[in-house]
Amino acid sequence: MDKKVLLIIGGGIAAYKCLELIRQLKARHIGVRVIMTKAAEEFVTPLSVASLSGEKVFNDLFSLTDETEMGHIELSRSADLVVVAPATADLLAKMAVGIANDLATTTLLATNKPVLIAPAMNVRMWEHVATRRNLATLQADGIHVVGPNEGDMACGEFGFGRMAEPLEIVSAIEKFFRSSKLLAGKHVLITAGPTREPIDPVRYISNHSSGKQGYALAKAALDMGATVTLVSGQVELKAPSGVKLIKVETADQMLAACVDLKNIDLAICAAAVADWKVENPAGQKMKKDAKATPPSISFAANPDILKTLSTAKTGRAKLVVGFAAETENVVQNAQEKLKRKGCDMIIANDVSEGVFGTNKNQVHVVTTTTVEPWPALNKSEVATRILELCATLLK
Ligand code: C5P
């Protein structure tokens, strides 16, 4: 396998397992370059690591020689995957908030490559509310996680916190590399976020969509090697670097941006498009009149983007997927929607229990012949599974 891993070894007792991890990766012809934190050097020596990896070990942000030969930005970009093992509670916390105060954390902040972490820490640290919070943030950011396992700990306690075994980490890395090719050569279109329909130049009608599920889909498609165009309404999220972002406001603009695109293999409409727009938005800010009579607004139907893409006579994407946010009869409504819109798959979610803005989603995947309930998952995990399924169907 012609792949390269940048391994960041954190300062925990599980660091000793990284020697075996490096050996196993090398045996599979996966290149390994290593950064060690200062604390990691208390557990394993750079000499052992360099002997096994066959490469110089990097550990100093301010090393003049290293910075001229292989700067920390270059170091972060020269790999296909960054692996943090053991990912200590300290490293997780720094990654979650973006602290960059040594070579390891600076590299993690500077990288535009996918990151896999193998957490390892005492069970109480693992269960601490701060670690839970940090992990949720990292998962929402699209960071991949392997482990930890349950078992005896070096500190004498028992529970979750043991780093995944080297071969488990190797499997996760290999799985990642396999999935990184799943959508290679495919062009994926994703719509995300809410639309805003103007009432006048300062007011609009919109909805609660955060765009998180759509942005997670864009990130997952990118990780699987696709060319990704993300047509997005106004959200508070940063598009993953590498994605072509087209920002829009209204449903009409979203439709125009979508139909403009050619040769789309897979279109996923995750946007929460307003069903109606204001028929005649005022050109100037509407004023309260002397009697303060509320204005009446008349609405017109917005175009249905999913339906338009699904029923296009020419240039239809090979696979078109829609979402259905429902508060009742989730599956039945999704099946009807599938027919009405003419798409190939509907991802139906029950929004009665507050999905908007959260990091979790529980969906049913509905096609013309199947209904599959999925467990409650992180939105990034939902995204990965949807795209794995789409990749299979596209074959
Ligand atoms: O009709 P409803 O809004 O329930 O359908 C939801 C699905 O249709 C989502 O995939 C959404 O992105 C898409 N949609 C659309 N254009 C609309 C309304 C919904 O693309 N005007």
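When a ligand or atom number is given, it counts from 1 through the structure's own listing order. Just so we're clear, the structure is a prediction, and the values are computed from it rather than from any experiment.
In this structure, a donor-acceptor pair under 3.5 Å is absent between the side chains of T250 and Y204. Between N149 and E168, the side chains place a donor N or O and an acceptor N or O closer than 3.5 Å (distance only, hydrogens not considered). With 3.5 Å as the limit, one finds a donor-acceptor pair spanning the side chains of N122 and E157.
A cation-pi arrangement is present between K56 and F58 under the rule of less than 6.0 angstrom and at most 45 degrees off the ring axis.
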Kindly print each ligand 1 N/O atom paired with any protein N/O atom under 3.5 angstrom away, one pair per line, or none if nothing qualifies.
from     : atom 1 : to   : atom 2 : distance (Å)
ligand 1 : 1 (O)  : K341 : NZ     : 2.8
ligand 1 : 4 (O)  : K337 : NZ     : 2.3
ligand 1 : 5 (O)  : K341 : NZ     : 3.1
ligand 1 : 8 (O)  : K341 : NZ     : 3.2
ligand 1 : 10 (O) : C269 : O      : 2.6
ligand 1 : 10 (O) : F323 : N      : 2.7
ligand 1 : 10 (O) : F323 : O      : 3.3
ligand 1 : 12 (O) : C269 : O      : 3.2
ligand 1 : 12 (O) : A271 : O      : 2.6
ligand 1 : 16 (N) : I305 : N      : 3.0
ligand 1 : 20 (O) : I305 : N      : 3.4
ligand 1 : 20 (O) : L306 : N      : 2.8
ligand 1 : 21 (N) : P303 : O      : 2.8

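Under the 4.5 Å side-chain criterion, counting only non-hydrogen atoms from C-beta, L92 is in contact with M121.
With M95 as reference, L138 is the one residue of D141, L138, T105 to meet the side chain to side chain contact (heavy atoms under 4.5 Å, CB included) rule.
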